[in-house]
Amino acid sequence: MAGSQDIFDSIVMADERFHAEGYREGYEEGSSLGVTEGRQHGTLHGAKIGSEIGCYQGFAFAWKCLLHSCTTEKDSRKMKVLESLIGMIQKFPYDDPTYDKLHEDLDKIRGKFKQVRALCSSCW
């Protein structure tokens, strides 16, 4: 009778053992795929943000060069706003993805860019 009890216990325990092994293997596979997918997602969005900031920086440098020789009061205001935008871009933490105010700073740069664009659109 003890032998038949051991066989029954091994059958019941096999189900639990297979369940535990399946869970562990699935967890490891999911973790590995999650890291890969997260890295790809981060790379894509980091590149988009970098491209956007680069566009703003190029715009600001081009207008700074165009306004460099102008001396009117309006141009002086435009130059101050441009300098402010350039300063914000230069302080942006490109190499720190864990920076907790990254999106706040990016929104501020976007707002300043809109201000510069509005000021400079009246030039032409």
*Asks:* Restricting to pairs with a member in residues 49-60, which pass salt bridge (charged side-chain N to carboxylate O under 4.0 Å, His left out), not counting sequence neighbours?
*Replies:*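 Listed once each, the pairs are Glu52-Arg110.
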
*Asks:* Could you measure the distance from the CG atom of Leu66 to the CE atom of Met79? Nearest 0.5 Å is fine.
*Replies:* 9.5 Å

*Asks:* For residues 26-52, pull every pair meeting ring pair (Phe, Tyr, Trp, His ring centres under 6.0 Å), keeping only residues two or more places apart or in separate chains.
*Replies:*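 Ring pair (Phe, Tyr, Trp, His ring centres under 6.0 Å) check on residues 26-52 returns His41-His45.
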
*Asks:* Who pairs with Lys108 by salt bridge (Lys or Arg N to Asp or Glu O under 4.0 Å), at least two apart in sequence or on another chain?
*Replies:*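 Partners of Lys108 by the salt bridge (Lys or Arg N to Asp or Glu O under 4.0 Å) criterion come out as none, since no residue qualifies.
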
*Asks:* Give every residue pair that meets the side chain to side chain donor-acceptor pair (under 3.5 Å) criterion with at least one member in residues 86-99, sequence neighbours excluded.
*Replies:*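 Output for this query lists Asp96-Thr98, Tyr99-Asp105.
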
*Asks:* Is the closest side-chain heavy-atom distance between Ile53 and Ile49 below 4.5 Å?
*Replies:*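 Of all side-chain heavy-atom pairs linking Ile49 with Ile53, at least one is under 4.5 Å.
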
*Asks:* Quick check for you: to the nearest 0.5 Å, what is the distance between Ile86 atom CD1 and Phe59 atom CZ?
*Replies:* 11.0 Å

*Asks:* Looking only at heavy atoms, which two atoms of Lys78 and Leu67 are closest? And how far apart?
*Replies:*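 Of all heavy-atom pairs spanning Lys78 and Leu67, the closest is CB-CD1, 3.6 Å.
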
*Asks:* Does any part of the side chain of Leu82, heavy atoms only, come nearer than 4.5 Å to the side chain of Phe61, both counted from C-beta?
*Replies:* no

*Asks:* Can you name the residues that form a side chain to side chain donor-acceptor pair (under 3.5 Å) with Gln115, not counting sequence neighbours?
*Replies:* Lys112

*Asks:* According to the salt bridge (charged side-chain N to carboxylate O under 4.0 Å, His left out) rule, which pairs have a member within residues 59-71, sequence neighbours left out?
*Replies:*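 Pairs touching residues 59-71 that pass the test: Lys64-Glu83.
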
*Asks:* Is there a side-chain contact between Leu102 and Phe92 in this structure, where contact means two heavy atoms from C-beta onward sitting under 4.5 Å apart?
*Replies:* yes

*Asks:* Mind checking salt bridge (Lys or Arg N to Asp or Glu O under 4.0 Å) for Arg17 and listing every partner two or more places apart, or none if nothing turns up?
*Replies:*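 Glu21.
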
*Asks:* Of all the heavy-atom pairs spanning Leu119 and Val81, show the shortest one and how long it is.
*Replies:*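 Scanning both residues completely, I find the closest heavy atoms to be CD1-CG2, 3.7 Å.
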
*Asks:* Output the rest of the hydrophobic cluster of Val35: all Ile, Leu, Val, Met, Phe, Trp and Tyr residues reachable through side-chain heavy-atom contacts under 4.5 Å, sorted by chain and number.
*Replies:* none

*Asks:* Could you work out, with side chain to side chain donor-acceptor pair (under 3.5 Å) as the rule, every residue matching Lys80, not counting sequence neighbours?
*Replies:* none

*Asks:* Does anything in residues 26-51 pair up under salt bridge (charged side-chain N to carboxylate O under 4.0 Å, His left out), and if so which pairs, sequence neighbours excluded?
*Replies:* Arg24-Glu28

